[in-house]
Amino acid sequence: MLIINKDRNPKYSLYNIGAEVLNLLLKNAYFDMDILYKELNKRYNGSLSVDYFYITLDWLFLINKIKVHENKVYIIWELKI
């Protein structure tokens with residue numbers, strides 16, 4: 001189900017922020033959580049809320065795309081055959 005919020009810019013949707021997180025993780029094996037936030041916030045010109053960041057990480061974890069261990073965020077690789 002797509003959740004639409006007409007009062008918020010679409011670039012701040014979970015889908016868009018999640019895609020940005022996954023793009024960053026595809027370039028590195030993992031990120032420290034604070035460095036990941038700083039890198040992601042650069043892409044949003046300093047306007048990304050920490051709340052949106054953590055909600056996005058929760059969502060990516062729930063759909064089994066990332067894992068978090070000892071303050072590091074890892075992408076979960078899936079082999080599709």
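Just the heavy atoms: all of them, side chains too, but no hydrogens, waters or symmetry mates, feed the values below.
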(request) Determine, using the 4.5 Å side-chain heavy-atom cutoff (strictly less than), whether W77 and L25 are members of one ILVMFWY cluster. (result) yes
(request) Would you check if V21 and I75 make a side-chain contact, meaning some heavy-atom pair closer than 4.5 Å? (result) no
(message) For L24 versus E39, what's the shortest heavy-atom pair and its separation?
(response) CD1-CB, 4.1 Å
(request) For Y12, check side chain to side chain donor-acceptor pair (under 3.5 Å) against everything at least two apart and list the hits. (result) S47
(message) What's the separation between atom CG in L60 and atom CD1 in I55, rounded to the nearest 0.5 Å?
(response) 12.0 Å
(request) Can you sort out the partners of I76 under side chain to side chain contact (heavy atoms under 4.5 Å, CB included), two or more places apart, ordered by chain and number? (result) N64, K67
(request) Treating Ile, Leu, Val, Met, Phe, Trp and Tyr as nodes and any side-chain heavy-atom pair under 4.5 angstrom as an edge, say whether Y74 and L57 lie in one connected cluster. (result) no
(message) Is it true that, when you exclude K11 itself, more than 12 heavy atoms of the residues, nucleotides or ligands shown sit nearer than 6.0 Å to its NZ?
(response) yes
(request) Taking all heavy atoms of N16 and all of Y44, pick out the closest pair and write down the distance. (result) ND2-OH, 3.1 Å
All N/O donor-acceptor pairs, side-chain side in residues 27-37, below 3.5 Å, sequence neighbours left out:
| residue | atom | partner | partner atom | Å |
| --- | --- | --- | --- | --- |
| D32 | OD1 | K72 | NZ | 3.1 |
| Y37 | OH | L48 | O | 2.6 |

(message) So, taking the atom named OG1 in T56 and the one named CG in L40, what distance separates them when rounded to the nearest 0.5 Å?
(response) 7.5 Å
(message) So, using side chain to side chain contact (heavy atoms under 4.5 Å, CB included) as the criterion, who are the partners of L62 when residues are at least two apart?
(response) none
(message) According to salt bridge (charged side-chain N to carboxylate O under 4.0 Å, His left out), does anything in residues 12-25 pair up with another residue at least two apart or in another chain? List the pairs.
(response) E20-R43
(message) Quick test of your reading: applying salt bridge (charged side-chain N to carboxylate O under 4.0 Å, His left out), list the pairs with at least one residue in residues 46-64, sequence neighbours left out, ordered by first then second residue.
(response) none
(request) Establish, yes or no, whether a centroid distance under 6.0 Å links the rings of Y54 and W59. (result) no
